[in-house]
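Here's the structure we're looking at; comments come further down.
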Amino acid sequence: MNPTKRVLSGIRATGRLHLGNYLGAVKGMLALQADEQYQTLYMVADVHTITTPYDVEELRRNRREVIIDYLAVGLDPERSIIFQQSEVNQHLELAFYLSAVTTIGKMQHLPTFKDKVKQYPQHNTMALLNYPILMAADILLYKAGLVPVGKDQEPHLEAAREIARRMNQDYGTDFPEPVSFKTEGDYVPSLTGEGKMSKSVEGSYINLTDDLETIQHRLSAAPTDSGQGKVEVVGDDQKSRRFVDQSGAESEGVANLLSLVELFEGEDKRNKYEADYQGAGIRYGELKQDLAVAIYEQLEPIQQKRRELEADPGYVDRVIAEGADKARQIAVETVEEVRQKMGLRQWQ
Ligand code: AMP
């Protein structure tokens, strides 16, 4: 097995998966699982969860719930190693070794670190600072070259590549420099009209477990404008749009809604709404209703599978135990090699 053909990805155990996780990460995870040339490892990043304030009982529940979500969306334990990060101690051990080639300054300057400190000013912890090192350890432990994650993770991947380079230079390891595997929805916008969809921002997300009524309700709160105005093409890739209505105000909320339309109803539908905006006007009530139905149609089979899994806890327990065993088998080898190369073992 060529190790660069390994794939690793993870989602924190902070609650139910939302559309951002699904389109940004899970769709890529599924595509790579279906491709025979890759060995795929998908974990619940439960240790990462403790880097920001959390509830102990919720974590205990969620680290299992994310496994059920994984199985419900179609991750298959026959094809992928599905596991909980904290069950494989080597993640933490390797993270400490990797911290020896990582400067504090570099970690403090990452935009993701700064954002979280702003969000939780009372929790400016070492664990938070170490987040990217732990993520590098997650990936390098399995010598994975490909990581299906959303755009928000790019600074962390850059840090992982730098850590891999330093380890290879200083200690002669052979870590690949991991790159992200992009999906169509690598940036799913928030329903609040500002920033990305995120579990930690109330009103920003739609969960995979939401029923039609809940989806309708969440979409109905998304901000819009008068429905008529100018559409400007922006961004280097000419893919982004600015919507400026007759009052001259820009509406990020409308841009975000139309991104969701494109992701769930296709490009033609989006183009039609853009034409309406510049013509007779968009009727947002109808747009939101059609969008809610399109989203629910994709989620309904996942919810059905979830109910079946909830009725079979023994199966979920087996997946968790077997996944950890398989992950450990690879992890112990990498850690042993790193210990030897860093001088923590005699050469054998
Ligand atoms: P997290 O919940 O932060 O652990 O994120 C898990 C995965 O979902 C990561 O790969 C993120 O990049 C991805 N993700 C989270 N939110 C979004 C979003 N709004 N758009 C695209 N991908 C996202």
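Numbering of ligands and ligand atoms starts at 1, following listing order.
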* Side chains of Gln298 and Phe264 in contact at under 4.5 Å (non-hydrogen atoms) -> yes
* Do the non-hydrogen side-chain atoms of Ile11 and Val44 ever get within less than 4.5 Å of each other? -> no
* Hey, is Lys143 close enough to Glu337 for a salt bridge, meaning N to O under 4.0 Å? -> yes
* To do: Identify whether the distance between the nearest side-chain nitrogen and carboxylate oxygen of Glu57 and Arg61 falls below 4.0 Å.
  => no
* Structure fact -> Residues at least two apart in sequence or cross-chain that pass side-chain contact (heavy atoms from CB on, under 4.5 Å) with Glu232, listed by chain then number, are Lys230, Arg242, Val244
* To do: Could you label the plane-to-plane angle of the Phe83 and His91 rings as parallel, tilted or perpendicular, counting under 30° as parallel and over 60° as perpendicular?
  => tilted
Please tabulate, line by line, the atom pairs linking an N/O of ligand 1 to a protein N/O at a distance below 3.5 Å, with the distance in Å to 0.1, or answer 'none'.
{"from": "ligand 1", "atom 1": "2 (O)", "to": "Asn21", "atom 2": "ND2", "distance (Å)": "3.4"}
{"from": "ligand 1", "atom 1": "2 (O)", "to": "Lys199", "atom 2": "NZ", "distance (Å)": "3.4"}
{"from": "ligand 1", "atom 1": "3 (O)", "to": "Arg12", "atom 2": "NE", "distance (Å)": "3.4"}
{"from": "ligand 1", "atom 1": "3 (O)", "to": "Arg12", "atom 2": "NH2", "distance (Å)": "3.0"}
{"from": "ligand 1", "atom 1": "4 (O)", "to": "Arg12", "atom 2": "N", "distance (Å)": "3.0"}
{"from": "ligand 1", "atom 1": "4 (O)", "to": "Arg12", "atom 2": "NE", "distance (Å)": "3.2"}
{"from": "ligand 1", "atom 1": "8 (O)", "to": "Asn21", "atom 2": "ND2", "distance (Å)": "3.0"}
{"from": "ligand 1", "atom 1": "10 (O)", "to": "Gly150", "atom 2": "N", "distance (Å)": "3.2"}
{"from": "ligand 1", "atom 1": "12 (O)", "to": "Gly150", "atom 2": "N", "distance (Å)": "2.8"}
{"from": "ligand 1", "atom 1": "12 (O)", "to": "Asp152", "atom 2": "OD1", "distance (Å)": "2.4"}
{"from": "ligand 1", "atom 1": "19 (N)", "to": "Val188", "atom 2": "O", "distance (Å)": "2.8"}
{"from": "ligand 1", "atom 1": "19 (N)", "to": "Met197", "atom 2": "N", "distance (Å)": "3.4"}
{"from": "ligand 1", "atom 1": "19 (N)", "to": "Met197", "atom 2": "O", "distance (Å)": "2.9"}
{"from": "ligand 1", "atom 1": "20 (N)", "to": "Val188", "atom 2": "N", "distance (Å)": "2.8"}
{"from": "ligand 1", "atom 1": "22 (N)", "to": "Gly20", "atom 2": "O", "distance (Å)": "3.1"}

